[in-house]
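Reading through the C-alpha cells given below for one structure.
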There are 2 protein chains.
Amino acid sequence: MAGEGAVLSMGPHTLPVPTALFALNRQRLADALKKTAPDSVVLLQGGEEVSFYDTDTTYNVFRQESYFMWAFGVTEAGCFGAVDVKTGESYLFIPRLPEEYAVWMGPLPKTNDYAKKYDIKKVFYVDELEVELGRLQRAKILTLKGVNSDSGLTAKPATFEGIEKFSVDDEALFPVIASLRVCKTELEIRVIKYVVAVSSYAHRQVMKQIRPGNYEYQGESQFLNACYEKGGCRHVSYTCICGSGPNGAILHYGHAGAPNDSPIKNGDMCLFDMGANYFGYAADITCSFPANGKFTADQKLIYEAVLRATLAVHSAAKPGVSWVDMHVLANRVVLEDLKKGGLLKGSVDEMLEAGLSAVFQPHGLGHLLGLDVHDVGGYLPGQPQRPQQVGVNKLRTARVLEKGMVLTVEPGCYFIDPLLDKALADPALKKFLVPEAIERFRNFGGVRIEDDVLITEHGVEDLTKVPRTVQDIEGWMDGRLDESQFRDSERLFVF
Amino acid sequence: MAGEGAVLSMGPHTLPVPTALFALNRQRLADALKKTAPDSVVLLQGGEEVSFYDTDTTYNVFRQESYFMWAFGVTEAGCFGAVDVKTGESYLFIPRLPEEYAVWMGPLPKTNDYAKKYDIKKVFYVDELEVELGRLQRAKILTLKGVNSDSGLTAKPATFEGIEKFSVDDEALFPVIASLRVCKTELEIRVIKYVVAVSSYAHRQVMKQIRPGNYEYQGESQFLNACYEKGGCRHVSYTCICGSGPNGAILHYGHAGAPNDSPIKNGDMCLFDMGANYFGYAADITCSFPANGKFTADQKLIYEAVLRATLAVHSAAKPGVSWVDMHVLANRVVLEDLKKGGLLKGSVDEMLEAGLSAVFQPHGLGHLLGLDVHDVGGYLPGQPQRPQQVGVNKLRTARVLEKGMVLTVEPGCYFIDPLLDKALADPALKKFLVPEAIERFRNFGGVRIEDDVLITEHGVEDLTKVPRTVQDIEGWMDGRLDESQFRDSERLFVF
C-alpha cells in the first residue's frame, strides 16, 4: 500500500514517525470492512482552518481531525482521503491553491510532494474527487457519522460537490473505524511512549522549578516550553490544569474563566494535569505534589491513599479484566485509607454501596488515550454500556481490557465544597463522615495521580516516568534524585 | 457608568488593566451614537467556545471576540453586553450554568461576582435578555454587522431567542464602533505599551539563545515561554513566524504545513515575527538577525536598507500624513539602497512607477494594531479607499495618520523565487535588475523590521525595545550589551 522509509519528525532529537503507521491503519480498515462492505470506498474529510471570529487570523495553529489523522497522518488542512476497500489502495486529495499563495505559504506542495511526504502513490486535487471516485465504480461511498460518547457531538460526514451522484452510506463506517482506534498498533504505541516520555520530562521540570510565590500559570508555561523546545510538541491535547491549594479540587480548572492565575502558597498542594501532543497522539499526566517540596501529615495521608489505589490498579489490570471493576477497586482502596486516616467511619462495603466514592472522586478511574485525549470507542455497539451507579456512571468506558489498549489510570481524592455539603445533608452518606476531620480538609484541594498505561499480554506497562512515591517526590524536589532515574527504557526521548 | 478601582491582571509582576478602560470605551460608544441613534440600545454578543471537531476538548483556550472585548473586557465565553445609548448605562448578560458544573469549573460566578469583577452594576443572565431589553423600551436594538476589510468575513450580529419581537438595526453600529477602535485611549495605550514591552523582552531572549544547529520552533517555544512565564501573556495574537535562511522569504511561514521545523544553519538570516496578547491587546514585532550573531556584507546591505526605510518612516510619520505616502517613502529608500548595493540599476522614480517595489516587498508598510493584530477600521466609509497601484494596494489602510493610532512599521526586503522569476520575465521590470547580483541572493530569504509605534501629537513614539542597528544586534548577541539598554521608559514591565 505504501512505500518504505518516509517519516515525519521535528528534527533528529525527536521521534521519527513512520508513515507506515498510517498505512497500516488504512490496511486494517480495508481488511475490517471487507467482510461487511466489500464493494465500497471509504471517504474521510480532513479538518479545515478555524477563523478567529471575523478576522484574518486563525483560532489556533491548524490541528488535524483525529479520524483523518489516524488514517492518513496528514497535517495540512483542507484534504480528503479515500481507501478502496476492494483493493486496499489509498487516495489523497489535496487543495488546489492559487499560485499567488506561494508568496505567503512558501513553495506550494504539488501532488507529487504530498505523495513523497506521506508515502501515498495516488494523490489528486480535491476538485478531482468526483472523477476519481467515479472511476473506481464502487457500489458505495462510506462516510463517517456517529456520536462521540464523551462530547455527545456527531462526527461530520465527508461531503463534496457531486457526492449526490454516488450512493453514500454514512452508518457502516463509524463502528468499525472507532473500534479499530481502541487497540493501538506497535507503531502507534511507540509514538505514544514518546509523547508520554516528553510530557513526563516536562512535568519533572515543572516540579523542579515551581515554588510558593510563583503563579500557577508559570508552571503551565514551563511545561509547554519543555514539551515544545525539547520534544518538538507544538500542541497540548487539552487545556493545562494547574491548580494549587483549593483550586486542585476544581476538576477542569485552567479554563478562560479560571486561567491558572492564582499565586501558589506555602503549604499548598499542587495538582498539575498536562499532556503534550506529538503528530496527533496525546499524553495525559497528572502530578500532585506539595508546593514547598515537603508533604505534611495530612497531605501524605491523602496522597498515599490515592497512590495505593493507583498501584492496586496497576497490579490488577490485564486483558480480560473489566474496567468497571478497576474503578471500584480504586474507590475501595481510597475509602479504606480515608477510614484509617480518621475521615470516615463504618463499613467500606456499605460506603461503596451508598455511592460515597463519588463524593471524593466524582470522575471515572480513567479513559482510553490515543489521538484524542478522551479517545474514541468507549461505548460502542456490542460492548458493555454505561453503568448506572453514581460515580461509576462517570466512566468514559466500561469495556473489558484488551492487549494494546492505552488508558489513563487516574484515581483522585478531592474536597469539593458543594459535594461535601450535599453528603453532609444526606443521611445515607453523612453517617460515614467524621465531620470535624472533613472540616480540616475544607481548603485542601485535591490529589490526583494520573498515569498513562499500556495493557500488555500480562498486565500493565506504566509509560509515565515521574516521581510518584512521597519519598521520590521529596527527593526530586530537593535535588537528591536526578534525571537518570526517570528515563524511558527505550530511550525514545533523549534530552 | 462604572465603579472605580477594579483591575484585571495576572499577578503583581504584570500590568493591572483597569476595567475603567472598557467603561470608557462604552461611554465613547454611547456618546458617538447619541447623534445618529439616540433612542437605541447597542447589543453585542461575546464569543463561544469552539469545539475541537466532535470531541469534548476545545480548539484552544477560549479567547474573547474583539468588539466584545473592547466594550466589556469580559474574558468568559457565552455572554452578551448592552449599552443604552440614551442613558449610557451598561448591561452584562452571563450564561446561567447548571449547578453541577461547579465540580468541573469551580464556584460558579453569580451576577454579583461579575458585577464586582468587571465593575458593571447591571448584570443579568442571558435568559433574561428579552425581559431586560424590553424594559428599556428603546426604539431600536443596534447589532453589529459589517465586513472586516482584512479577511472579507462579516461580523455575526448578536441574536437571542425573542429578538424578533424587537426592531433591530444591524447597519448603524458597525462604522461607528469600528471607527472608535482606530484611535486608542490613554488607558488602551498603556496596555499596548505593556504587551509590546513583554514581546520585546521575549524577542531579546530568543536572539540571545537561538543559534545555528537549533530548530526554528525552538525560538518560537522560547518566545512563548518568556511572554507567558514572565509577562502573564497566555496567548499570541497570530501564529509565530520563525523563518531561517530561505524560509525568511515565506511571508506566512509557521503554518501547519510549514511549522517552523527547519534546522537553522550557520550563515542564515533569521526572520522571527512574533507578538504576545495581553487581555486581548496585541503586539506584532519582527526581528531579523544573523543566526550566528555576525552580519555578512550581503546581510548588512539588505538589513541596513530596510532599517533606513524604518527610520525614514519614524521621522516622517505624524498626524496629517498619509499612510500611503509612508509606504512609498519606505519603498523608495529600499530601492535606493539596493541600487547603491549593485542589485538594481536605473532611475528609482521609474522603478517606483513600474511597481518594482512589490517584487521585493509584496506587502504593505504596516497596519493598525489593537485588539486584533490587523486591527479594524482600515477602510471605513468616508476614509481613503484601497489604492490601485501594485504593491500599494496591499496596504491594510490608506488613512491619514491621527494622534492615538497605533500601527506597525514593517518594511521588508525579500528574495522570493516566483516574484523574481516573474520580474525577470517582464521587460518593464527586468531592465532595473542586475541579474547576477540578484542570483547571489536567491537563497537569502529576507529581512523585515517591524516596530509597533504610537502616533503622538508630534510624530512617532516607537514602543518596541529590541536591538535594531547592526552594531546593537551584534553587541546584544555576543553579550556586550545588557538588558538595561532596552527597558520600556515607563517600566510597565519589570522582569
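Quick note on labels: first sequence line is chain A, next is B, and so on, each numbered from 1. These numbers were taken from a predicted model, which means no experiment stands behind them.
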Item checked: Contact check, side chains of B:Y53 and B:Y59, non-hydrogen atoms, under 4.5 Å -> yes

Quick check for you: among [options], which has the greatest number of heavy-atom pairs under 4.5 Å with chain B?
options	answer
A:D261, A:V61, A:N247, A:I416	A:V61
A:Q222, A:E65, A:E49	A:E65
A:S221, A:S151, A:P12	A:S221

List the atom pairs, donor and acceptor, that lie under 3.5 Å between side-chain atoms in residues 230-245 of chain A and the rest of the protein, sequence neighbours left out.
{"unit_1": "A:R234", "atom_1": "NE", "unit_2": "A:Y228", "atom_2": "OH", "d": "3.2"}
{"unit_1": "A:R234", "atom_1": "NE", "unit_2": "B:E220", "atom_2": "OE2", "d": "3.3"}
{"unit_1": "A:R234", "atom_1": "NH1", "unit_2": "B:G254", "atom_2": "O", "d": "2.9"}
{"unit_1": "A:R234", "atom_1": "NH2", "unit_2": "B:E220", "atom_2": "OE1", "d": "3.2"}
{"unit_1": "A:R234", "atom_1": "NH2", "unit_2": "B:E220", "atom_2": "OE2", "d": "3.3"}
{"unit_1": "A:R234", "atom_1": "NH2", "unit_2": "B:G254", "atom_2": "O", "d": "2.9"}
{"unit_1": "A:S237", "atom_1": "OG", "unit_2": "A:N277", "atom_2": "ND2", "d": "3.2"}
{"unit_1": "A:Y238", "atom_1": "OH", "unit_2": "A:D273", "atom_2": "OD1", "d": "2.7"}
{"unit_1": "A:Y238", "atom_1": "OH", "unit_2": "A:M274", "atom_2": "N", "d": "3.1"}
{"unit_1": "A:Y238", "atom_1": "OH", "unit_2": "A:M274", "atom_2": "O", "d": "3.3"}
{"unit_1": "A:Y238", "atom_1": "OH", "unit_2": "A:G275", "atom_2": "N", "d": "3.1"}
{"unit_1": "A:Y238", "atom_1": "OH", "unit_2": "A:D284", "atom_2": "OD1", "d": "3.0"}
{"unit_1": "A:S244", "atom_1": "OG", "unit_2": "A:E216", "atom_2": "OE2", "d": "2.7"}

Need one label for [X]: side chain, backbone, both or neither, based on atoms under 4.5 Å from any heavy atom in chain B.
X	value
A:P263	neither
A:Y414	neither
A:A226	neither
A:D372	side chain
A:P109	neither

Checklist line | With A:H252 via side chain to side chain donor-acceptor pair (under 3.5 Å) - residues at least two apart | finding: none

Note to self: Looking at A:K117 and A:E76, is there a salt bridge between them, counting it only when a charged N and a carboxylate O are closer than 4.0 Å?
What the structure shows: yes

Check: Is the shortest side-chain N to carboxylate O distance from B:D56 to A:R396 below 4.0 Å?
Finding: yes

Checklist line | Cation-pi, A:F415 ring and A:R442 (6.0 angstrom, 45 degrees) | finding: no

